[in-house]
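Below you will find the structure I want to go over with you.
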Protein chains: 2
Amino acid sequence: MADSRTPAPDKSGAASPAPAVTRAAAVLDALAASATGRLTLSDLSREVGIPKSSTSNLLLALEEARLITRHGSEFTLGRKLVELGAAYLGRMDEVQEFYRYCEQASVLSRETVRIAMLDGTNVIYLARYEGHPAVRLTSNIGDKMPVSLCAVGKALIARLNWHDIDEMFPDTAELPVMTPKSLRTGAELKAQLKEIREQGFAFEDEESTTGVVCLAVSVPTRGAHGPSLGLSVTALKATYTQEQGSQMVKELKELAHSLGNPMG
Amino acid sequence: MADSRTPAPDKSGAASPAPAVTRAAAVLDALAASATGRLTLSDLSREVGIPKSSTSNLLLALEEARLITRHGSEFTLGRKLVELGAAYLGRMDEVQEFYRYCEQASVLSRETVRIAMLDGTNVIYLARYEGHPAVRLTSNIGDKMPVSLCAVGKALIARLNWHDIDEMFPDTAELPVMTPKSLRTGAELKAQLKEIREQGFAFEDEESTTGVVCLAVSVPTRGAHGPSLGLSVTALKATYTQEQGSQMVKELKELAHSLGNPMG
DNA sequence: GGATAGCGTTCAGTTGACTGAACGGTGCTG
DNA sequence: CAGCACCGTTCAGTCAACTGAACGCTATCC
C-alpha cells in the first residue's frame with residue numbers, strides 16, 4: 001500500500017460546517033490507513049486527535065450505521081462501505097461499457113485490461129477485465145497506485161494543464177520507487193509527459209513490477225463534471241511485441257473514444 | 001417503563017449519540033438507493049427528513065471528506081467510498097485466500113467462482129474468480145442480490161436458526177421474481193432450506209438467469225464476530241453434468257473449510 | 001411579462017452535543 | 001500480591017451546532 005499524506009489539511013482557522021461528520025470521516029480514514037485495520041477506541045482517539053469520550057460517541061453512531069463494525073474492543077471498517085462503493089461504481093455507465101467492449105474486441109479480449117480514475121496524485125482501479133489467464137494482477141478493484149508508477153497514471157496526468165502539473169510535481173520532487181526502473185524525480189516524469197502528449201498514449205516499462213509492461217490512454221471527460229478516466233493493458237515483457245502493442249493502443253483509443261462519447 | 005416521572009433516560013426512538021453522523025449516513029444511503037444516484041439538496045432534505053439548512057451543512061462536510069461529489073446543484077456518491085470499500089475487502093484474508101485456492105484447484109480453477117456475504121435478506125458479492133471465459137457474469141463486486149434468488153443466498157440463510165428464518169420469511173411472504181423458475185413464497189423457500197441443510201449445499205436451477213445453474217456452500221464463521229460468508233460456482237445448464245457438480249461441491253466444501261479454519 | 005413555485009443560502013436564538021476529569025475494571029510488572 | 005498502566009465509560013457544565021423563517025435567485029407557467 002502506498003503512503004498518502006493528507007493533501008490539504010485544512011488549518012484550524014476554517015471550521016467544518018458539521019464537525020462530527022468530518023471527524024467521522026477521519027476515523028474511517030484512520031481505519032483504512034492502519035496496518036491491520038483493527039483499532040481500539042484509544043488508538044483512534046490518539047490517531048485522529050479527539051478526546052476519547054467524543055470518539056466513543058462517534059464510534060457508536062458509526063457502528064449503528066454499519067459503517068464500522070465492533071469486534072470486542074476493536075473496530076474495523078463496516079460492510080456498508082462495500083455496498084456504497086459498489087453503488088458508486090454501479091452508477092458509472094463507463095464500467096459496464098468497458099466490460100462489454102473488452103469482451104468483443106479482437107486483441108483486448110485476450111489481454112488484462114483495467115479502467116482507472118485519477119484521485120490526486122494516485123490512480124484508483126475501478127474495474128478489471130481478465131482475458132489473459134497467464135497474467136493475474138495482485139492489485140484489486142479500489143486499490144491505489146501513485147501516478148508516476150503506472151502507464152495509466154501518466155496518461156491521466158498528461159491531460160492536465162501544465163501549470164497544475166508543475167505544482168503537483170516540482171522538478172526536484174522525489175517520487176515513490178518500486179523497481180530500479182521507477183522514475184525518480186518530477187523532472188523525469190515531466191519529460192515523459194511531453195512524449196506522452198505527442199504520441200497520444202502512455203507506456204510503462206517495468207517501473208512498478210519487473211517483467212511487466214503497460215500501455216495506457218486517457219478517456220476524454222464525458223459531460224462537464226465526470227472524473228478523469230484512463231484505460232490500461234498489462235502484458236508480460238517477455239512476450240510483448242511492438243506490433244501487438246500498436247494494435248492494443250488502437251483498440252484502447254477506440255474504447256476511450258466510445259466511453260467519452262456515449263452515443264457513438 | 002412504568003414510571004413516567006423518571007427523567008426519561010431513553011426516549012422511544014433511542015437518540016443517536018452523534019446525530020450528525022447518523023444523518024450523514026442516511027444521506028449516503030439515500031443517494032445509494034435513488035434511481036439515478038443524483039439528488040439535489042432539496043431532494044435529500046425531503047428524502048431523509050431533515051431541514052434544508054441542516055442538510056446543506058451536512059453536504060458541505062461530506063463533500064469536504066470526498067464521501068460525496070457535487071455536480072452543479074446535484075450530489076452523487078464520492079470516490080472515497082470506493083477506496084474505503086476496497087480497504088474493507090483488502091483486509092479480509094478470506095478474499096486473498098479465495099483467489100489463491102481457486103487458481104490451484106483442479107476443477108474450480110476452470111469455473112466461475114464467487115465469494116459473497118450475507119447482509120439482511122440480500123447477499124453482497126465480494127470477489128469473483130473467472131476461470132471460465134465462456135461464462136461472464138453481469139453482476140459486479142459489491143452488487144446485491146435477494147437471497148431467495150441465488151444458491152449462495154440460500155446456503156447462507158440455511159445456517160440461521162429456524163426462528164429467525166420464520167421471521168424473515170413468513171409462509172405467505174412474496175419473494176422477488178426474476179425468471180419463471182424463481183421461488184415465489186416464503187413457504188417454498190423454507191422447503192428448500194430443509195433440503196439444503198440435509199445435503200450440505202445449495203442449488204439454483206435457472207431461478208435468477210435462464211440457462212444458468214449455481215452450486216453454493218456456506219463458510220463456517222471464522223472467529224466469533226465475522227460476517228457470514230458463502231461460496232458459489234456458476235455454470236451453463238447446457239453443459240452441466242451431475243458428476244461435474246459433485247466434484248465442484250467437494251472443492252467448494254474444501255475451500256469453505258479452509259476459510260473457516262485459518263491454520264488448517 | 002408578471003406571477004408563481006422551487007431552489008440554495010443566510011442569520012440569530014436556543015437547544016443539545018462535546019469536553020475533560022474522575023471512575024471502575026482489567027492485564028501486565030515488579 | 002500490590003502496584004501500575006491502560007482501557008472504556010460516566011457525568012455535569014459550557015459552548016457551538018442545529019433550527020426555521022426570511023432572503024435572493026432562476027426556471028416555469030398562464
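The chains referred to below are lettered A, B, ... by the order of the sequence lines, with proteins before strands, and numbering in each begins at 1. Only a predicted model underlies this, so the values are computations on that prediction, with no experimental measurement involved.
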(Q) Distance check, rounded to the nearest 0.5 Å: A:Ile68 atom CD1 versus A:Leu59 atom CG? (A) 4.5 Å
Q: Flag the pair B:Asp43 and B:Arg38 as a salt bridge only when some basic side-chain nitrogen lies within less than 4.0 angstrom of an acidic carboxylate oxygen.
A: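 No.
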Q. Atom CZ of A:Arg23 and atom P of C:dA17: how far apart are they, to the nearest Å?
A.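 Whole-Å distance recorded here is 14 Å.
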Q | Distance in Å, A:Arg114 CZ paired with A:Cys102 SG, rounded so as to fall on 0.5 Å steps | A | 12.0 Å
Show me the protein contacts with nucleotides 4-8 of chain C, counting only N or O atoms at under 3.5 Å.
{"residue": "C:dC7", "atom": "OP1", "partner": "B:Arg46", "partner atom": "NH2", "Å": "3.0"}
{"residue": "C:dC7", "atom": "O5'", "partner": "B:Ser42", "partner atom": "OG", "Å": "3.2"}
{"residue": "C:dG8", "atom": "OP1", "partner": "B:Leu41", "partner atom": "N", "Å": "3.2"}
{"residue": "C:dG8", "atom": "OP2", "partner": "B:Ser42", "partner atom": "N", "Å": "2.7"}
{"residue": "C:dG8", "atom": "OP2", "partner": "B:Ser42", "partner atom": "OG", "Å": "2.4"}
{"residue": "C:dG8", "atom": "N7", "partner": "B:Lys52", "partner atom": "NZ", "Å": "3.1"}

Q. In whole angstrom, what separates A:Ile50's CD1 from C:dA17's P?
A.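 That distance rounds to 16 Å.
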Q) C:dA17 P sits how many Å from B:Leu58 CG, rounded? A)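 Taking atom P of C:dA17 as the reference, CG of B:Leu58 is at 13 Å.
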Q) Roughly how many Å is it from CG in A:Leu39 to C1' in D:dC7, rounded to a whole number? A) 15 Å
Q) Can A:Glu97 and A:Ser258 be said to form a side chain to side chain donor-acceptor pair (under 3.5 Å), step by step? A) CA-CA 9 Å; A:Glu97 208 170 324; A:Ser258 150; 2.9 Å; yes
Q | A:Glu47, CD atom: more than 12 neighbouring heavy atoms under 6.0 Å | A |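 Open.
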Q: Answer yes or no: does atom CD of A:Glu174 have more than 12 heavy-atom neighbours from other residues, nucleotides or ligands under 6.0 Å?
A: no
Q. Distance-only, no hydrogens or angles: does the B:Ser45 side chain make a donor-acceptor pair with backbone N or O of B:Leu41 under 3.5 Å?
A. no
Q. Once Watson-Crick and G-U wobble pairs under 3.5 Å are found, how is DNA chain C written in dot-bracket notation, 5' to 3', with | for any base paired to another strand?
A. |||||||||||||||||||||||||||..|
Q: Please state how far atom CG in B:Asn57 lies from atom C1' in C:dT10, giving the value in whole angstrom units.
A: 11 Å
Q | From D:dT10, C:dT10, D:dC18, nucleotide with atom closest to A:Ala18 side chain | A |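 Of all the options, the side chain of A:Ala18 is nearest to D:dC18.
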Q.
For B:Lys80, is there an ion pair with A:Asp119 - N to carboxylate O distance below 4.0 angstrom?
A. no
